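As structure tokens, the structure follows; a few thoughts come after it.
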Amino acid sequence: MERKLRVGVLGATGMVGQRFISLLENHPWYEVVTVAASPRSAGKTYEEAVAGRWKMTTPMPEAVKKLTVMDVNQVEQVAATVDFVFSAVDMTKDEIRAIEEAYAKTETPVVSNNSAHRWTPDVPMVIPEVNPEHFAVITDQRKRLGTERGFIAVKPNCSIQSYAPALAAWREFEPYEVVATTYQAISGAGKTFKDWPEMVENIIPYIGGEEEKSEQEPLRILGKVENGQITKAAEPVITCQCIRVPVLDGHTAAVFVKFRKKVTKEQLVEKLVSFKGLPQELHLPSAPAQFIQYMEEDNRPQVKLDVDFERGMGISIGRLREDTVYDWKFVGLSHNTVRGAAGGAILCAELLTAQEYITAK
């Protein structure tokens, strides 16, 4: 492209906002020109606003340090400076729905990490390798919003990335019943061990709202566009437990699956490792070359060894074996703030750019 697209990050001072800032450093297509956050941060430089709260392991990019934080609520002023925005705002769901629509109505595309619009019927919720065809619903969303280029697209919940891609790879074998338990890192709550010392050597068997998301969102991803909205799939039926564990980054899932069709381990593994989509075909900047890896070792995947597979954008599957009650069981691992949050949203934006849904203003 002739020039990099101008990007704004809404909610730039929080953990996911920081991850956006970190991942967008030296991006070949995008340049962060605007950072926006709550009124208490507005007017400060980004470096001042985040002082003592930078949670990434890599240094704050020099290019953003001196940017003046804008008030995220001043929609027209923020929108005037950018071609599109990433949203990671920390508000109530009603407030998020309202502010993301307000940005879209300024003809500014919004690619959101938030859950508020995941069930809005004409808002696509996309894992780019799995259901990119859902972006087609943007045409209908624009009619509803009365926009020509503005729209909202979202990425799904971080926890489902560790098992939903496997279910998508195996669709031809007709998985119809799934039991999943996810073991979720503390960064999924926007925390580090410094912020949350009670998580050290501890497990909390409850994460508010997470089990419903983990059971229902894969069905929307596996659904289809009908009559200008997304209709969720009827199967597989999923039941899930979500547990917070003392890990900084990386969501692990232990999953049991029943299939309608008889299938061998070799067939299942082959479908995993050969599974790819438009991001790989188009060689998008953030796309992993290998979307899903299968690990033969009995003790893999492990968070410490495998969470950064393909720069955190790949999925690791292991321990695939026959079960005595269900047909097959496996363990999955994904990076919750890279593939599961900011990185997944950036990959969505890259595909939307390649398909010309996002263009320069």
Side-chain angles (χ1 to χ4, degrees), residues 8-24 32 35-42 44 46-61 64 69 72 85-97 99-100 110-118 154-162 182-200 202-214 217 242-252 303 307-308 312 334-346:
V9 179
L10 312 180
T13 57
M15 179 176 269
V16 174
Q18 292 178 26
R19 182 67 77 178
F20 273 118
I21 296 290
S22 175
L23 293 176
L24 289 166
V32 176
V35 288
S38 66
R40 67 178 176 272
S41 295
K44 300 176 182 177
Y46 186 70
E47 188 174 30
E48 292 167 343
V50 182
R53 297 189 296 117
W54 181 253
K55 299 181 179 183
M56 301 296 103
T57 56
T58 53
M60 183 184 295
V64 301
V69 178
V72 72
V85 295
F86 290 109
S87 175
V89 291
D90 183 13
M91 300 174 172
T92 68
K93 286 196 176 183
D94 285 344
E95 290 170 334
I96 293 169
R97 275 191 284 269
I99 201 166
E100 290 182 349
V110 178
V111 182
S112 180
N113 180 70
N114 297 305
S115 64
H117 274 293
R118 288 185 193 154
V154 300
K155 51 141 289 293
N157 191 44
C158 52
S159 68
I160 74 169
Q161 315 277 341
S162 52
T182 57
Y183 304 88
Q184 300 187 202
I186 64 172
S187 59
K191 304 286 189 180
T192 65
F193 287 109
K194 180 181 176 183
D195 306 324
W196 203 0
E198 59 266 42
M199 274 307 302
V200 176
N202 193 21
I203 284 175
I204 297 176
Y206 173 73
I207 306 171
E210 201 75 0
E211 287 162 359
E212 181 184 12
K213 294 175 190 175
S214 300
E217 288 188 17
C242 299
I243 298 172
R244 190 72 74 192
V245 295
V247 165
L248 179 60
D249 292 313
H251 288 353
T252 300
V303 170
V307 74
D308 290 320
S334 60
H335 196 306
N336 55 295
T337 66
V338 182
R339 168 59 78 161
I346 291 169

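Since the model is a prediction, treat every value here as computed from it, not as a measurement. Numbering starts at 1 and runs along the sequence shown.
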Would you say that V72 contacts M91 through its side chain, given a criterion of any heavy-atom pair below 4.5 Å between the two side chains? yes
Distance in Å, S112 OG paired with R118 CZ, rounded so as to fall on 0.5 Å steps: 7.5 Å
Do Q184 and N336 have side-chain N/O donor and acceptor atoms under 3.5 Å apart? no
Go through the structure and list residues passing salt bridge (Lys or Arg N to Asp or Glu O under 4.0 Å) with K55, not counting sequence neighbours. D195
All pairs passing salt bridge (Lys or Arg N to Asp or Glu O under 4.0 Å) where residues 85-97 contributes a residue, at least two apart: D94-R97
Taking S87's backbone N and O only, do any of them form a donor-acceptor pair with N113's side chain (distance below 3.5 Å, no angle check)? no
Donor-acceptor contact below 3.5 Å, side chain Q161 vs main chain S334: no
CG on N157 to CD on E210, rounded to 0.5 Å: 4.0 Å
Taking side-chain contact (heavy atoms from CB on, under 4.5 Å) as the definition, give me every residue that meets it alongside V303, ordered by chain and number, with sequence neighbours left out. V247, T252, V307, L333
Checking side-chain polar atoms at under 3.5 Å, does T337 have a donor or acceptor matched by the opposite partner on R19? yes
Tell me if a side-chain donor or acceptor on Y46 pairs with a main-chain N or O of A12 at a distance below 3.5 Å. yes
Could you work out, with side-chain contact (heavy atoms from CB on, under 4.5 Å) as the rule, every residue matching A345, not counting sequence neighbours? F20, F86, V111, K155
Qualifying residues under side chain to side chain donor-acceptor pair (under 3.5 Å), relative to R244, sequence neighbours excluded: none
T182 and H251, any side-chain heavy atoms less than 4.5 Å apart: no
Would you say T13's side chain and V50's backbone share a donor-acceptor pair under 3.5 angstrom? no
Residues at least two apart in sequence or cross-chain that pass side-chain contact (heavy atoms from CB on, under 4.5 Å) with E211, listed by chain then number, are Q241, C242
Pair S159-S214, side-chain donor/acceptor within less than 3.5 Å: yes
Q18 (side chain) donor-acceptor with R53 (main chain) under 3.5 angstrom: yes
